[in-house]
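So the structure is just underneath, and the comments pick up after that.
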There are 2 protein chains.
Amino acid sequence: MTTAFNNAATTFSHGGHDHGTCVETALAAAAGICTKRGARLTPLRRRVLELIWRGHAPVGAYDLLRALAKKQPGAAPPTVYRALDFLLAHGLVHRIESLNAFVGCAHPQQVHGGQFLICSDCGAAAEVHDPRVDAAISRRAAELGFTVRHKTVEVQGLCAPCQDRLQEAGHGN
Amino acid sequence: MTTAFNNAATTFSHGGHDHGTCVETALAAAAGICTKRGARLTPLRRRVLELIWRGHAPVGAYDLLRALAKKQPGAAPPTVYRALDFLLAHGLVHRIESLNAFVGCAHPQQVHGGQFLICSDCGAAAEVHDPRVDAAISRRAAELGFTVRHKTVEVQGLCAPCQDRLQEAGHGN
DNA sequence: TACTCTTTTGTTATGTTATAACATACCTAT
DNA sequence: ATAGGTATGTTATAACATAACAAAAGAGTA
Ligand SMILES: [Zn+2]
Ligand SMILES: [Zn+2]
Ligand SMILES: [Zn+2]
Ligand SMILES: [Zn+2]
C-alpha cells in the first residue's frame, strides 16, 4: 500500500512525519483543482494556503495576516479574508467554528462537510470522514423533516500522543 | 402522554405554539436547578436567561446587551458575558459556535453536549439528542485513540415549515 | 451589631475577529 | 486600445470577547 498523507494518524504524529510532503501534496492538489476549474490560485492565495499548511493546527486570520505582513507590508484584514473566502469556496481549507480558525483540507478532491478531532493540548485538528456519523446526522434530520445544507462536527479532546505524554508527566506528581 | 415542550417540532413551529409556556418551563427549571446546587440565579442572570428565551433563535451577546441596557443603563459587555458564563457553566444555555450566539437549553436537567439543527431561514435552532450520532462520533474517536472531552454538532439547513413556505413562494416565479 | 470573607456587579479600557466601501491595478478578450 | 471582469490596496468600522480593578451586596461569625 502507498503511504496515506493527511490522515488522522499523520495529523497527530507531532512532527514524527515528513510534513514537507503534507504541504507539497496539498499545494499540488490545490493547483490541480484550480486549473481544472479555471480558478486562479494567485501568488497571494497560494501563499495563504501555504501559511495555513505550516502545521496541522488551525490558524487564525490575524496570525495569517501577521505572517503575511512580514513580506508584504500592505497586507490588511481584507487581504487575508478574501484569500480565505477563495480557499473556502474551493474546499481547499475548512473553517473551524469553535476556534474561529482555519485548517487545510485533507481531501479537497470531493465536496464535503468536515468532521474534526481537535486536540486541546497540541492544537492539531484531524479531519475525518466517518460515514456512520454522517448517516446518523442525516437520518435524524430527515426524521424531523429538516433539510441539511451543511454539517459541522467538531470534537474537542486529547489525541493519543498527548494523552500518553500527559499521563507520563503525571507520574512525577 | 404529556405535551413535550422545547423539542424540535416545537422549536420549528414558528409561533404555532404557546411560547409563554416554553419560557416559564425553562425559567422554572433553571430556578430549581440553581436552588438544588446552591447557585444564585440573580435577577441579572435570570433576566439574561429570559432574554435568550424570547425566541428559539440563538441570540448574540451584544443583542442581549442592547436589550439589557434599555432597563439597565450601566450594562456593559462584561455584564452580559458574566451572566452567560454562569448560565453556560450550569448548562442552562448552549453556545452555538457557528453563529457566535447563545440559545436556551431544552433539557438542562442532565449534562450534555448538544446537537443542533439550525434553520438558515427562520434562524431557529433545535436541540436534539440522538444517541446514534453520539455513539458514531465516540466510536470513531475511540478507533483513533482520541479521548473526547466535548462534542459540537451544528447542522445548517431548512426546517420543514421554512421549506414549505419557500417552495410555495417559488411557485410564483 | 460589627466584622470579615466571598461573590457579584460596575466601570473603563483594550484585545480579537470580521466586514463595508471605494480606489486602483491587473488580466483577458474583442 | 479599450471595455469588462477579477483581484488587490486602502481606510474605516462593525461585531465579538476579555483584562483589570473598584464598589457593592450577600453570608457567616464574634
Ligand atoms: Zn504534516
Ligand atoms: Zn495532540
Ligand atoms: Zn417556544
Ligand atoms: Zn425555519
Side-chain angles (χ1 to χ4, degrees), chain A residues 30-31 34-35 37-52 57-90 92-103 123 125 152 154, chain B residues 30-31 34-35 37-52 57-90 92-103 123 125 152 154:
Chain A
C34 288
T35 299
R37 295 183 191 166
R40 294 166 56 195
L41 186 63
T42 62
L44 179 60
R45 290 164 174 173
R46 191 191 141 91
R47 177 83 182 117
V48 170
L49 183 57
E50 210 169 34
L51 287 169
I52 289 175
V59 190
Y62 280 70
D63 287 336
L64 292 170
L65 178 54
R66 276 183 285 273
L68 205 58
K70 287 182 182 172
K71 293 191 176 179
Q72 190 164 345
T79 312
V80 63
Y81 278 104
R82 283 168 183 154
L84 287 169
D85 284 345
F86 174 89
L87 297 171
L88 286 167
H90 289 281
L92 304 175
V93 305
H94 290 285
R95 180 183 163 78
I96 305 298
E97 301 291 351
S98 55
L99 298 175
N100 293 335
F102 304 84
V103 71
T152 299
E154 297 176 11
Chain B
C34 288
T35 299
R37 294 184 192 165
R40 293 165 56 195
L41 187 63
T42 63
L44 180 60
R45 291 163 174 173
R46 192 190 141 91
R47 177 82 182 119
V48 170
L49 183 57
E50 209 170 37
L51 287 168
I52 289 175
V59 190
Y62 278 69
D63 287 338
L64 291 170
L65 178 55
R66 275 183 287 272
L68 205 58
K70 287 182 182 172
K71 295 191 176 178
Q72 190 162 347
T79 312
V80 63
Y81 279 104
R82 283 167 184 156
L84 287 170
D85 285 345
F86 174 88
L87 297 171
L88 285 167
H90 289 280
L92 304 175
V93 305
H94 290 286
R95 180 182 163 82
I96 304 298
E97 300 291 352
S98 56
L99 297 174
N100 293 336
F102 304 84
V103 72
T152 300
E154 297 176 9

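Every chain is numbered from 1, with letters handed out A, B, ... down the list of sequences.
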Counting only side-chain heavy atoms from C-beta out, which of [options] sits nearest to [X]?
{"X": "Thr42(A)", "options": "dG9(D), dA19(D), dT8(D)", "result": "dT8(D)"}
{"X": "Pro78(A)", "options": "dA18(C), dT10(D), dC27(C)", "result": "dT10(D)"}
{"X": "Tyr81(B)", "options": "dC16(D), dT9(C), dA20(C)", "result": "dC16(D)"}
{"X": "Phe102(B)", "options": "dG10(C), dA18(C), dA17(D)", "result": "dA17(D)"}
{"X": "Thr79(A)", "options": "dA17(D), dT12(C), dG9(D)", "result": "dG9(D)"}
{"X": "Gln72(A)", "options": "dG9(D), dA17(D), dG10(C)", "result": "dG9(D)"}

Length of the [atom1]-[atom2] vector between [X] and [N], whole Å:
{"X": "Leu68(B)", "N": "dT8(C)", "atom1": "CG", "atom2": "C1'", "result": "14 Å"}
{"X": "Asn100(B)", "N": "dT19(C)", "atom1": "CG", "atom2": "P", "result": "10 Å"}
{"X": "Leu64(A)", "N": "dT16(C)", "atom1": "CG", "atom2": "C1'", "result": "14 Å"}
{"X": "Arg46(B)", "N": "dT8(C)", "atom1": "CZ", "atom2": "C1'", "result": "18 Å"}
{"X": "Phe86(B)", "N": "dT8(C)", "atom1": "CZ", "atom2": "P", "result": "7 Å"}
{"X": "Leu88(A)", "N": "dA18(C)", "atom1": "CG", "atom2": "P", "result": "11 Å"}
{"X": "Arg66(A)", "N": "dG15(C)", "atom1": "CZ", "atom2": "C1'", "result": "11 Å"}
{"X": "Leu65(A)", "N": "dT17(C)", "atom1": "CG", "atom2": "P", "result": "11 Å"}

Under-3.5 Å donor-acceptor pair between Tyr62(A) side chain and dA18(C) base: yes
Sugar-phosphate only, base, or nothing, as touched by Arg82(B) at under 4.0 Å among non-hydrogen atoms: base
Presence of Arg95(B) side-chain N/O under 4.0 Å of dA17(D) phosphate oxygens OP1/OP2: yes
Under 4.0 angstrom between Arg45(B) side-chain N/O and dT9(C) OP1 or OP2: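 So the side chain of Arg45(B) is within the cut-off, an N or O lying under 4.0 Å from OP1 or OP2 of dT9(C).
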salt_bridge(Asp63(B), Arg66(B)) N-O dist < 4.0 Å: yes
Given DNA chain C, 5'-ward residue of the pair Gly60(A) and Leu44(B), judged by closest heavy atom: Leu44(B)
Backbone of Leu68(B) reached by a side-chain donor or acceptor of Arg47(B) within 3.5 Å: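 Not a single qualifying donor-acceptor pair exists.
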Side-chain donor-acceptor pair present, Ser98(A), Glu154(A), cut-off under 3.5 Å: yes
Distance (rounded to the nearest 0.5 Å) between Arg95(A) CZ and Leu84(A) CG: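 One gets 9.0 Å once the value is rounded to the nearest 0.5 Å.
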Phe102(A) CZ to Leu64(A) CG distance, which is reported to the nearest 0.5 Å: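 Separation between the atoms: 8.0 Å.
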